[in-house]
Amino acid sequence: MAPRYYTVTWDQLHRDGKALAWRLVERGPWTGMVAITRGGLIPAAIVARELDCRLIETVSVVTYDEEQRGHPQVVKPPQAALESQGEGWLLIDDLVDTGTTAKVVRAMLPKAHFATVYAKPAGKPTVDTFITEVSQDTWILFPWDTEPQFIAPIAKARGNGGGGQ
Ligand SMILES: O=P(O)(O)OC[C@H]1O[C@H](OP(=O)(O)OP(=O)(O)O)[C@H](O)[C@@H]1O
Ligand SMILES: O=c1[nH]c(=O)c2nc[nH]c2[nH]1
Ligand SMILES: [Mg+2]
């Protein structure tokens with residue numbers, strides 16, 4: 001079955017990122033933030049700005065090649081947060097889908113608070129805080145993966161031309 005798509009604009013991502021920050025400010029203060037690259041970088045920047053958080057670490061997990069899932073590989077560990085096992089740290093990603101990435105990172109930082117902007121049902125149990133849930137068969141299209149393009153008028157796309165004149 002063809003996947004459905006949920007298109008997220010820059011404006012929406014900013015709004016949803018701020019909504020996440022409102023939830024997280026209640027749970028602070030935070031020692032710092034670990035962004036799961038690459039998708040977590042922009043949500044982490046939005047949340048860090050709102051929480052006035054200056055200490056940003058990254059962890060890099062490579063799982064997907066386009067829409068195909070492979071074996072997760074930790075390309076860069078979250079060095080600064082490892083000793084405390086993530087206690088007092090926020091772990092930020094754009095979304096959880098199957099929860100594979102989350103499980104790999106949570107194994108390294110079991111005491112961190114894991115927050116994402118979007119969540120699918122299979123990954124939901126791995127997240128402490130998220131904003132919007134979409135169905136498992138939905139592919140979320142982020143603004144950095146898309147660009148606006150011309151779309152034919154509905155009448156032309158249906159092949160029945162225009163009316164009048
Ligand atoms: O819950 P999962 O099934 O693991 O999927 C979620 C992960 O997949 C995407 O990252 P991806 O591995 O595509 O890398 P990227 O962030 O560098 O684009 C997304 O940013 C999450 O990190
Ligand atoms: O851009 C993305 N959208 C998704 O829905 C998704 N799930 C895993 N990885 C993803 N990347
Ligand atoms: Mg990612």
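For ligands, and for the atoms within them, numbers begin at 1 and follow the listed sequence. Model, not experiment: these values are computed from the prediction. The chain is numbered in sequence order, starting from 1.
In this structure, K120 contributes its side chain and T138 its backbone to a donor-acceptor pair below 3.5 Å. Looking at E57, its side chain never comes within 3.5 Å of a backbone N or O of A81 through a donor-acceptor pair. Judged by distance alone, with hydrogens and angles left aside, the side-chain atoms of W30 form no donor-acceptor pair with the main-chain N or O of V25 at under 3.5 Å. No donor-acceptor distance shorter than 3.5 angstrom exists from the side chain of T116 to the backbone of A119, with no hydrogens or angles considered. Looking at R4, its side chain never comes within 3.5 Å of a backbone N or O of W139 through a donor-acceptor pair. Side chain of R106 to main chain of A112: a donor-acceptor pair is present (N/O by atom type, distance under 3.5 Å, no hydrogens or angles).
If you number the atoms of ligand 1 from 1 as listed, the ones under 4.0 Å from a heavy atom of T100 come out as 1 (O), 2 (P), 4 (O). The ligand atoms of ligand 2 that sit less than 4.0 angstrom from a heavy atom of D145 are 1 (O). Contact atoms of ligand 2 toward F142: 1 (O) (distance under 4.0 Å to a heavy atom of the residue). Here is the list of ligand 1 atoms found below 4.0 Å of a heavy atom in T101: 2 (P), 4 (O), 7 (C), 22 (O). Heavy-atom proximity to L95, at under 4.0 Å, picks out these atoms of ligand 1: 6 (C), 19 (C), 21 (C). Within ligand 2, counting atoms from 1 as listed, the ones closer than 4.0 Å to a heavy atom of K120 are 4 (C), 5 (O), 7 (N). Close approach of ligand 2 to D97 (heavy-atom distance below 4.0 Å) involves ligand atoms 6 (C), 7 (N), 8 (C).
Of the heavy atoms in L141, none comes closer than 4.0 Å to ligand 2.
Within the 4.0 Å heavy-atom shell around ligand 1 one finds G99.
Sorted by first and then second residue, the side-chain hydrogen bond (donor to acceptor under 3.5 Å, both in side chains) pairs with a member in residues 144-155 form an empty list; sequence neighbours excluded. Sorted by first and then second residue, the ring pair (Phe, Tyr, Trp, His ring centres under 6.0 Å) pairs involving residues 78-107 (not counting sequence neighbours) form an empty list.
Scanning T116, D94, V61 for the heavy atom closest to atom 14 (O) of ligand 1 points to V61.
Every N/O-N/O distance between V96 and ligand 1 stays at or above 3.5 Å.
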